[in-house]
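Here's the structure we're looking at; comments come further down.
The structure displayed is predicted, hence computed values, not measured ones. For ligands, and for the atoms within them, numbers begin at 1 and follow the listed sequence.
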Amino acid sequence: MIDFTGSHILSVNQLDRDAIATIFSTANTMLPYAQRRKRTKVLDGAILGNMFFEASTRTRVSFGSAFNLLGGFVRETTGISSSALSKGESLFDTARVLSSYADVIAMRHPDSGSVAEFAQGSLVPVINGGDGSNEHPTQALLDLYTIEKELAANVQSIDNMHIAMVGDLKFGRTVHSLSKLLAQYKNITFSLISPKELAMPDGIISIIENAGHRVIITDVLEGSLNADILYLTRIQEERFPSPEEANKYRGQFRLNQQIYTQHCKSNTVIMHPLPRDSREEANELDVDMNLNPNLAIFRQVENGVLIRMALFALTLGVADQVQQHESEVNWFSHK
Ligand code: CP
């Protein structure tokens with residue numbers, strides 16, 4: 001198992017079942033702090049460099065919130081144009097500089113492999129917040145954590161489940177990382193539903209098949225709607241040469257309440273890494289699903305804070321000290 005203290009978290013390839021279990025059990029201990037029932041100052045004085053060179057809402061803000069919830073401070077930069085990368089500075093030099101200002105760095109960048117390259121120059125642990133269409137390890141961990149909890153509520157387990165992954169499986173980095181994590185479990189049926197041009201990369205399919213799982217590849221949604229987990233994804237417009245190219249694939253795999261009632265099991269769990277494309281023409285995951293109790297998308301968001309808190313506590317070596325630095329919350333909390 002990975003020795004978390006001081007380690008970069010760049011790929012799910014670093015995480016075996018023991019490491020996943022350690023992250024999840026640490027995440028469970030973070031609940032009172034994430035829910036503002038208690039506060040902790042275990043990272044008092046520590047600084048997170050939150051370096052997002054590509055658009056983000058949840059990953060960037062939840063990394064920052066997770067660090068604040070552990071008592072640490074956050075310094076941010078957003079966008080390549082507002083950093084010296086736009087003046088030709090290398091990722092190595094950027095990392096060497098930024099890591100002298102911080103104790104840990106969370107980083108997102110539009111190019112595959114960029115976060116690993118950045119980490120080579122960093123003096124402190126780097127956590128991958130998404131590198132191009134390659135990987136999104138913290139999203140995959142929060143997805144897996146959510147799947148485990150949602151299935152447990154239905155008295156099911158990850159072993160033997162049926163997951164349908166739907167949409168842009170070529171560019172969707174969340175499904176790449178999640179598939180690799182799931183491959184470590186047993187006897188899963190993967191329905192991979194996408195336009196042929198946006199199919200799951202062969203390398204990921206090989207990992208799943210070589211681990212003994214069943215893979216169904218199709219461009220038809222209807223036959224797989226009765227899966228235990230239906231994991232929808234957005235067409236990753238930013239990876240296409242033009243919006244018009246991406247438009248060709250919009251609306252092919254729509255889910256709304258009527259389709260859910262007609263085709264899904266009564267307890268099929270609906271997941272999406274978000275953002276969902278809520279423009280009318282997107283026809284992706286309709287807002288009429290918001291009242292469906294099996295829609296787990298906002299529970300995924302909440303679980304993301306727990307997972308990111310756990311990764312900070314583990315990489316900075318304080319996971320066993322969080323409670324020691326605990327105090328009461330003295331403000332009104334709605335949580
Ligand atoms: N799921 C996810 O990565 O969302 P953001 O792009 O908003 O960070």
Identify, by atom number and element, the atoms of ligand 1 in contact range of [X], meaning under 4.0 Å from any of its heavy atoms.
| X | value |
| --- | --- |
| T57 | 5 (P), 7 (O), 8 (O) |
| T59 | 2 (C), 3 (O), 4 (O), 5 (P), 8 (O) |
| Q139 | 1 (N), 2 (C) |

Among non-hydrogen protein atoms, atom 6 (O) of ligand 1 lies closest to R108 NH1, 3.0 Å

- Query: So which heavy atom in the protein is nearest atom 4 (O) of ligand 1, and how far is it from that ligand atom?
  - Reply: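 Result: R58 NE, 2.9 Å.
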
- Message: Regarding ligand 1, does P275 bring an N or O atom to under 3.5 Å of one of the ligand's N or O atoms?
- Response: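 No.
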
Margin query: Check for me whether P273 has a heavy atom closer than 4.0 Å to any atom of ligand 1.
Written below: yes

Any side-chain donor near an acceptor of the partner, N187 and N160, under 3.5 Å: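 Checked: N187/N160 side chains pair up, N/O donor to acceptor below 3.5 Å.
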
Evaluate D143 against Q300 for side chain to side chain donor-acceptor pair (under 3.5 Å), listing each step before the verdict. CA-CA 6 Å; D143 288 339; Q300 287 171 264; 2.8 Å; yes

Does E150 come within less than 4.0 Å of R299, counting only side-chain N to carboxylate O?
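Result for this pair is yes, salt bridge flagged.
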
Item to check | Sub-6.0 Å ring centroid separation between F63 and F312 | outcome: yes

When you look at CZ of R276, are more than 12 heavy atoms from neighbouring residues, nucleotides or ligands closer to it than 6.0 Å?
yes

message = Is there a continuous path of hydrophobic side-chain contacts, each under 4.5 Å between heavy atoms, that joins I23 to L31?
response =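 In one cluster with I23: L31, yes.
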
How does T174 reach ligand 1, if at all, at less than 4.0 Å between non-hydrogen atoms: by side chain, backbone, both, or neither?
->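 None of T174 does.
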
